[in-house]
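Given the structure is predicted, the values throughout are model-derived calculations rather than measurements. Below, each value reflects all heavy atoms present in this structure, side chains not excepted, and no hydrogens, waters or symmetry copies. In what follows, chains are A, B, ... by sequence order, proteins preceding strands, each numbered from 1.
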Amino acid sequence: MVQKRGGLFSLPLGFRQGVLFAVVLVAVGFCIELASTGKGVAAPGWPVNGMVAAILVAVVFFVGTVFRKHPLVLWLGGIPLGLSLIAVLAALSMIGGIVPQDPEYAPLLVVDLGFNRLFASWPFALVCVVFMVNLGLGFVQKLLPFNVANIQFMLFHGGFWIAVTSGLLGSSDLQRIAVPLYEGKETTSGFDRASDSMVELPFGIFLHDFTIEEYAPMLGLYDPSKDAFVPNESRAMLEIKPGMKVSWDGILVDVIRSVPDGVIKSGEDPVAADPAGGVPFAKVRVVHRGAEQTGWINPAGKGIDARYLVVGRYALVLLPGSPKRFSSEVMFTHNSGEKKIGVLEVNKPFDFFGWKIYQAGYDEKAGKMSSLSVAEAVKDPWLPAVYFGFYLMMAGNLLFFWQGMKKNGKK
Amino acid sequence: MTWIEFPIVAGAAVACWTGGSILNLLSGKKEALRVPSYLLMGAGTVVMVVFLVLFWQHVERPPLRTLGETRLWYATLIPLVGFIVEYRWKITWLKFYCMALAAFFLSINLIYPDILDKTLMPALQSVWFVPHVIVYMIGYVFLAAASAAAWHNIYLGYRLRRNEQSEAVGHYLAILGFVFLTFGLLFGAFWAKEAWGHYWTWDPKETWAFLAWLAYLGYLHLNAEKIERKRLQWYLGLAFIVLLVSWFGVNYLPSAQSSVHSYQPG
Ligand code: HEM
């Protein structure tokens, strides 16, 4: 490695020029960002993005094959530039991973430089574009003439190239629309966060029923001075069951009765109610320093006040169970008249005419009583291309694994 | 088995590893101690595996949800990497680092005890949950071992006893770690698509996972560019810090307020 270095602008180009190029690229990006006071940049929509992709591929293949031996092309598709780009990409991502990515987050310079939406900023976009050229040229260098020995390289670099190019260019065709559903009603439009506006869907969603299943309610000993729960001796969350006995250091608790879903009609005692309409109740006996008290405890609900028992400097409370499953029974009606019945559930999106419909949320304040279910309708026409790239990378990854298992490898 | 029995289990595992290590060191002089030393070290890992299985049964969900639970997996897997490296590359010292690291993870769990919580929020109820998290943890374990190897190589460099085979082992561990990291990233993308509607949203956890992946991508390409491995040991040793941030440091960054990836309950 004791080569004599040439001047900065003489051949062969290497690391120094790569770093310089990458740094200038980022600086230019931030200048544009400042000049446009942080408006950022987005990929063009269909069909322009498709044309850009086609041109990128054509130019990379043309230049990469016709001028494959040209020193400038070798450098543009080489590791020194690639590493420089990886380094600035990492630096930019680090900013994006530290500064909250939030349009409301507003120190002025941060906004003007686009730090608060870094992944839609000019410097990030410029680096990505050059990265795609670099990776593409590097890929073509090894692809042609074809040699099976380079297969691991081709799968990794080609796969990443396809995935990232499609993902970035296709990002403007991605539609994610939040659709509020009310029981007994059909919704045909939703809110598009990207354009900050309501949009019509090509189908309607009728909500028959929204249900939440909860885990069992839990007993907790709350310490107000620490704003924390006191761990009990079994080091477990305490799912409530009648007949259960629990102890904290010097505090003994018996669960006498429990009502999973109840309401208060009159007096102290709850009566059982419809699961969607009540809160859990527990009647407990507490013994603490020889004193005994018995009473009902329950979390707050619609028209129901929370009750707890004061035990020394703590409070014994009942916490509603966390949601285990929430789902919406729905019917889709496409503009063409075609209907389909389905269930929306977290992690189980539903396919309908090229859209995927997700169970996104509900009215969390109302909890089980929510009659609002929020669905999300997603259309991502570039997804197959991105996944194709991912599959190639996984194949390359499997081959790479065997390389890692080699026995002997002095360089 | 629950967290109540955990201190006994952890004590037993650490005792096995310590006893086995002492026997292993003595076996240089007394060959008869070799086999018992491996049996004892292996027993420590068996204790952890049994505890994990019983713990899994008890919580009725994969024990991969809290940081305390993931530390159980590290403590189980890390010594295995040490044993594999010795078996495959005849490098004997790595296993001692690995067992020490495992003991360290177990002590964190003793100092900050977890509360057992059987609940699993709906977003985590997915076929991707187990493969995604386990693949990531195996990746972390390999890369922890790679950085241990790198530190060891730096030390050897100072003593002017540079060892190319040991540098090669660090390199292989980095490759294996990178392979698992890549699978983890991709499995995470597939899962995010099913659970949240998009495969990549630049959530802070995702961003830092990407950064860690880039750090090792940088190492692999520096290596591919025929830069001497000797000069890459610092890089390999320090890259692990990025991985640590992506693993749990993210929770302490300003950006964490908007993350959907907090492992901690509540
Ligand atoms: C930034 C543009 C990139 C360029 C110019 C580039 C170029 C190269 C080159 C020339 C090699 C050496 C191949 C050989 O010696 O046969 C290589 C190796 C490799 N690259 Fe890239 N690469 C880039 C990005 C990537 C990306 C994004 C990935 C991952 C998806 C990747 C994964 C790999 C792997 C796994 C190796 C093998 C390393 C090894 O054998 O130790 N590269 N790359």
Side-chain angles (χ1 to χ4, degrees), chain A residues 1 15 79-80 82-83 86-87 89-90 93-94 96-102 118-119 167 174 176 215 229 231 233-237 239 321-326 345-349 356 358-360 376 378 380 383 386-387 390 393-394 397-398 400-401 403-411, chain B residues 2-4 88-89 113-123 125-126 128 164-165 167-168 171-176 178-179 182-183 186 189-191 193-200 202 204 207-208 210-211 214-215 217-218 221-229 250 253-255 257-258:
Chain A
M1 294 287 285
F15 271 109
I79 290 189
L83 273 168
I86 287 174
L89 197 62
S93 304
M94 202 173 287
I98 293 174
V99 179
Q101 298 297 294
D102 176 359
L118 197 121
F119 303 103
L174 169 73
R176 302 183 67 182
Y215 285 101
F229 288 94
E233 280 154 20
S234 72
R235 300 224 63 85
M237 301 289 270
E239 289 170 40
S322 51
K324 183 178 196 170
R325 200 180 93 103
F326 48 100
E345 203 185 319
V346 180
N347 268 311
K348 290 177 190 142
K356 265 184 184 259
Y358 293 80
Q359 174 72 59
E376 185 173 20
V378 178
D380 188 0
L383 187 71
V386 175
Y387 274 22
F390 284 175
M393 284 173 73
M394 295 208 292
N397 221 13
L398 286 176
F400 203 31
F401 179 81
Q403 202 156 323
M405 292 299 287
K406 270 201 210 156
K407 242 178 166 158
N408 204 319
K410 291 175 191 169
K411 281 225 296 192
Chain B
T2 67
W3 291 121
I4 305 185
R88 178 98 195 149
W89 291 294
D114 238 16
I115 298 285
L116 188 122
D117 182 355
K118 291 189 179 179
T119 66
L120 195 60
M121 59 201 271
Q125 296 167 19
S126 160
W128 288 109
E164 284 187 45
Q165 177 62 14
E167 284 166 13
H171 181 68
Y172 290 139
L173 289 169
I175 290 184
L176 292 173
F178 180 79
V179 164
T182 309
F183 274 127
L186 293 174
F190 292 136
W191 183 7
K193 180 73 197 167
E194 293 304 294
W196 292 307
H198 198 40
Y199 51 85
W200 196 264
W202 294 109
T207 304
W208 280 94
F210 177 66
L211 269 163
L214 279 185
L217 191 67
H221 287 85
L222 284 166
N223 181 77
E225 190 63 9
K226 300 184 187 62
I227 291 178
E228 268 189 296
R229 286 224 178 104
V250 179
L253 293 173
S255 53
Q257 61 197 26
S258 54

- Message: Using modelled atom types and a 3.5 Å cut-off, is there a donor and acceptor pairing between side-chain atoms of A/Tyr215 and backbone atoms of B/Met121?
- Response: no
- Interatomic distance, A/Ile79 atom CD1 to B/His221 atom NE2 [nearest 0.5 angstrom]: 5.0 Å
- Query: Measuring heavy-atom distances to chain B, does A/Ser322 have an atom under 4.5 Å in its side chain, in its backbone, in both, or in neither?
  - Reply: side chain
- Message: Tell me which of these, A/Leu89, A/Ile98, A/Val378, A/Leu398, has more heavy-atom pairs under 4.5 Å with chain B than the rest.
- Response: A/Ile98
- Message: Please rank B/Ala189, B/Ala123, B/Ala174 by heavy-atom pairs under 4.5 Å with chain A and give me the top one.
- Response: B/Ala123
- Quick one: which of B/Thr2, B/Ile4, B/Leu217 has the most heavy-atom pairs under 4.5 Å with chain A, could you say? B/Ile4
- Message: One pair to check against side-chain contact (heavy atoms from CB on, under 4.5 Å): B/Leu176 and A/Phe400. What are the steps and the verdict?
- Response: CA-CA 8 Å; B/Leu176 292 173; A/Phe400 203 31; over 6 Å; no
- If one checks every heavy atom of B/Leu211 against chain A at 4.5 Å, the contacting part turns out to be side chain
- Item | For chain A, the option from B/Trp208, B/Trp128, B/Trp200 that forms the most heavy-atom pairs under 4.5 Å | B/Trp208
- Heavy-atom pairs under 4.5 Å with chain B, option from A/Gly321, A/Ala90, A/Ala360 with the top count: A/Ala90
- Selection from A/Lys356, A/Arg176, A/Gln403 maximising heavy-atom pairs under 4.5 Å formed with chain B: A/Arg176
- B/Gln125 side chain vs A/Val346 backbone, donor-acceptor pair below 3.5 Å: no
- Note on the structure: Rounded to the nearest 0.5 Å, the CE atom of A/Met394 sits from the OG1 atom of B/Thr182 at a distance of 11.0 Å
- So, does A/Arg325 use its side chain to make a donor-acceptor pair with the main chain of B/Pro122 at under 3.5 Å? no
- Identify which part of A/Leu83 has an atom lying under 4.5 Å from any heavy atom of chain B, answering side chain, backbone, both or neither. side chain
- Message: Under a 4.5 Å cutoff for heavy-atom pairs, which residue among B/Gly218, B/Gly197, B/Ala195, B/Ser126 has the most contacts with chain A?
- Response: B/Gly197
- Which of B/Leu186, B/Leu214, B/Thr207, B/Thr119 touches chain A most, by non-hydrogen pairs under 4.5 Å: B/Thr119
- Contacting moiety of B/Phe210, where chain A heavy atoms sit under 4.5 Å: side chain
- Going by heavy atoms in the side chains, are A/Leu118 and B/Trp202 under 4.5 Å from each other? no
- Message: Any salt bridge linking A/Lys348 with B/Glu194? Criterion: basic side-chain nitrogen under 4.0 Å from a carboxylate oxygen.
- Response: no
- Message: Would B/His198 and A/Asp380 count as a side-chain contact (heavy atoms from CB on, under 4.5 Å) here? Give the steps.
- Response: CA-CA 9 Å; B/His198 198 40; A/Asp380 188 0; 3.8 Å; yes
- Task: Examine whether an atom of B/Phe190 lies under 4.5 Å from a heavy atom of chain A, and if so say whether it belongs to the side chain, the backbone or both; otherwise answer neither.
- Result: both
- Kindly determine whether B/Ile175 and A/Phe401 satisfy side-chain contact (heavy atoms from CB on, under 4.5 Å), including the steps that lead there. CA-CA 7 Å; B/Ile175 290 184; A/Phe401 179 81; over 6 Å; no
- Task: Give a yes or no on whether the backbone of B/Lys193 and the side-chain of A/Tyr358 come within a donor-acceptor separation of less than 3.5 Å.
- Result: yes
- Item | B/Trp196 side chain near A/Glu376 side chain, heavy-atom distance below 4.5 Å | no
- A/Glu239 portion near chain B, given a 4.5 angstrom heavy-atom threshold: side chain
